Amino acid sequence: LRDRSFFLWTHLYDPHHPLQAPEAYLGEGVDPYDAELAYMDDQIGRLQAAVEAQGQGDDTLYVLVADHGEGMGGHLELTHGLFLYNGTQRVPWIMAGPGVEAAVVDQTVGLVDLMPTVLQAMGVAVPEGLDGKVQPGGEHPVYLESYQLQERFGYAPHIALVDGPMKLIDTPRPELYDQRSDLRELKNLATEQPEVVAAMREKLLAVGATTPGKATDMDAETRSRLEALGYVSTEADLSSREGLPDPKDKLPMLKLMQQAQRMASAGAVKEAITRLEEVNASEPTLIEPRLRLARLYVKVGEPEKAVVIVEEAIALQPDNVATLTQAIVAHGRLGNAARALELSEQVLALKPDSNEAAEFKMTSLDQLGRSDEAIAEGEAYLAQHPEAHNVAGALGVLYAVKNELEKAEPLLRQGTQASQPPRHVHHYLGVLAAGAGHPTEAIQLLTTELKEYPDNRTARIFLIRALSLEKRYPEVRPHVELLLKRTPDDLQLLLTSAQVEFNQESWAACAVELDKIKAIDPEEPEYLLLRANLLAKQGQDEQAKVVFDQAKASKAQRKAAADAAAAAPP
């Protein structure tokens, strides 16, 4: 940066829900929000120090702004996005640097004023026709909007105007606040000053703001992440606000929805389900709470309940792509591949460019035993949509299952570029890496698969083998224990567990695992062989030889029985 001009935009995400400051900032009694503020402050200090180290400290203009605040429960808003009260809309704008005198500007400004103000401060000509004004001194009415209430619930959206000290939120029952004495917006002056409401409504019309456009297509993982942050995509018709309920009449329901969202993101899924069930009972025609509830039922392993909810939602809005997509997921988890296929085709009829629906269709065809059709479907779709990374990954998995590895590998690698790679993409890449003699890469890929799909038993077993071959025995133990919780009588897992303890010379722990196997199958040859080795390690050579002979006899006997069974006529 030294000796030349620069422009640097730095996005500091903190403080923002979910509040997750580093541990070093979270002392006893420290508010998580304050901890994130302190963390962010330190990062700004690091940035300033770096600029100064380049010799640019005296010539740099610093501008700090926020896109929104957090409701923190004010007006019942826990995070942001629904309402336009000051808790989320009144944000800092701090400037420091050459030509900026120390002062507090007591006037209404908006982020729309940022560009012209910074340009002027830097001595750059301000283009004509900008919506914003150079500040301070260019005060003008500031327009605000949030259509989430209408998009998500069918309630009247928050549309607002701040004009000098007065702020109007134009809902069916308007709200008027005087910012000079009521920053918390606790006293609605609308009924006392109807003439001010009427004048400000005229100014709102003069702004000429249009409603948001249609939502773009996105995959389930992207949608889920945006929803977790309070951002959503919708297919709602926003062309008219006429006759929509005032959100003030729906505050209890909105509070339950926000509580459910926070609980779900914090891992309290059952509590979130309880809240959403209350919402669903009181607002049975709302789609969003149904979809959130269905997702959580799938998450806790109750897809049958999710299916009931989404099918009811389809009856309410048959052409709602988000609803149909969630129904595909629910039916897929329940094993209803035929219904999932039908729904996938329905989505593709509505949105032919839906990468997600194309992947679901391939998966459903494969589950129905129609893998060749699934491959043909994927090839055809990918030819038209070469950037459909998730479809490429799903196609790669199908080829890998058919052992057509040359076709599979490039598709699997493309699949890793998807926002959520399909199941088995990293798994089969791990298998390929192991086969090519790259064990470290294989372990990394399999670990990634399990982060995305922790229930992928096959990938976990392969990872156990890969770690064992590399003698990384301490890393094997948690994976074996996790699988044994689900299938405690699995002989192969118990043998693996005993072998891990043996390899680490934990003789007592190995004996405990062997006793578990003995209770299930005392003649298992691999068990007897490992028992013989353990006895030898413990200095019991004579007994070890006896058990070793038992292992050989048992193995021979079982092989003879298997050969006889294979030779017997059907």
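This one's a predicted model, so the numbers in the text were calculated from it and none came from an experiment.
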Testing R370, E404, K402 for side chain to side chain contact (heavy atoms under 4.5 Å, CB included) with I375, which one passes?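 Of R370, E404, K402, side chain to side chain contact (heavy atoms under 4.5 Å, CB included) with I375 is met by K402 alone.
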Could you check whether the rings of Y25 and Y39 sit parallel, tilted or perpendicular, using 30° and 60° as the cut-offs? perpendicular
Going by the angle between their ring planes, with limits at 30° and 60°, are Y85 and Y177 parallel, tilted or perpendicular? perpendicular
Do [X] and [Y] have side chains that get closer than 4.5 Å, going by heavy atoms?
{"X": "H426", "Y": "L450", "value": "no"}
{"X": "W93", "Y": "L64", "value": "no"}
{"X": "R241", "Y": "Q150", "value": "yes"}
{"X": "I314", "Y": "L343", "value": "yes"}
{"X": "E311", "Y": "R339", "value": "yes"}
{"X": "F153", "Y": "L254", "value": "yes"}
{"X": "L161", "Y": "L144", "value": "no"}
{"X": "P141", "Y": "V162", "value": "no"}

Between [atom1] of [X] and [atom2] of [Y], what distance do you get to the nearest 0.5 Å?
{"X": "D67", "Y": "H11", "atom1": "CG", "atom2": "NE2", "answer": "6.0 Å"}
{"X": "L286", "Y": "L293", "atom1": "CG", "atom2": "CG", "answer": "12.5 Å"}
{"X": "T325", "Y": "F360", "atom1": "OG1", "atom2": "CZ", "answer": "6.5 Å"}
{"X": "Q148", "Y": "L82", "atom1": "CD", "atom2": "CG", "answer": "5.5 Å"}
{"X": "H389", "Y": "Q417", "atom1": "NE2", "atom2": "CD", "answer": "4.5 Å"}
{"X": "L432", "Y": "E409", "atom1": "CG", "atom2": "CD", "answer": "5.5 Å"}

Shortest non-hydrogen contact between [X] and [Y], atoms and distance:
{"X": "P157", "Y": "L149", "value": "CA-CB, 4.2 Å"}
{"X": "A21", "Y": "A35", "value": "CB-CB, 3.7 Å"}
{"X": "S354", "Y": "L348", "value": "O-CD2, 3.7 Å"}
{"X": "S344", "Y": "S364", "value": "OG-OG, 4.3 Å"}

Are [X] and [Y] linked by a side-chain donor-acceptor pair shorter than 3.5 Å?
{"X": "Q179", "Y": "N86", "result": "yes"}
{"X": "Y143", "Y": "E145", "result": "yes"}
{"X": "N390", "Y": "E359", "result": "yes"}
{"X": "Y155", "Y": "D249", "result": "no"}
{"X": "N456", "Y": "H424", "result": "yes"}

Let's go through L412 and Y399 carefully: what are the C-alpha distance in whole Å and the side-chain angles of both, what is the deciding distance for side-chain contact (heavy atoms from CB on, under 4.5 Å) to 0.1 Å, and is it a yes or a no? CA-CA 9 Å; L412 291 170; Y399 277 127; over 6 Å; no
Got more than 12 heavy atoms from elsewhere within 6.0 Å of [atom1], [X]?
{"X": "R173", "atom1": "CZ", "value": "yes"}
{"X": "R262", "atom1": "CZ", "value": "yes"}
{"X": "K248", "atom1": "NZ", "value": "yes"}
{"X": "R465", "atom1": "CZ", "value": "no"}

Between [Y] and [X], does any NZ, NE, NH1 or NH2 come within less than 4.0 Å of an OD or OE carboxylate oxygen?
{"X": "D182", "Y": "K167", "answer": "no"}
{"X": "K361", "Y": "E356", "answer": "no"}
{"X": "D455", "Y": "R460", "answer": "no"}
{"X": "E302", "Y": "K305", "answer": "yes"}
{"X": "R275", "Y": "E271", "answer": "no"}
{"X": "R423", "Y": "E452", "answer": "no"}

Residue pair F83, H158: steps toward the ring-ring contact (aromatic ring centres under 6.0 Å, His included) verdict: CA-CA 6 Å; F83 305 135; H158 261 211; 5.2 Å; yes
Kindly say whether L483 contributes a backbone atom to a donor-acceptor pair with the side chain of T487 at under 3.5 angstrom? yes
How far apart are the C-alpha atoms of E312 and V308, what are their side-chain angles, what is the distance that settles it, and do they pass the side-chain contact (heavy atoms from CB on, under 4.5 Å) test? CA-CA 6 Å; E312 290 173 350; V308 172; 3.8 Å; yes
Evaluation steps, side-chain contact (heavy atoms from CB on, under 4.5 Å), between H385 and V391: CA-CA 9 Å; H385 308 84; V391 173; over 6 Å; no
After noting the C-alpha distance and the side-chain angles of V91 and V65, does the key distance pass the side-chain contact (heavy atoms from CB on, under 4.5 Å) rule? CA-CA 7 Å; V91 297; V65 294; 5.8 Å; no
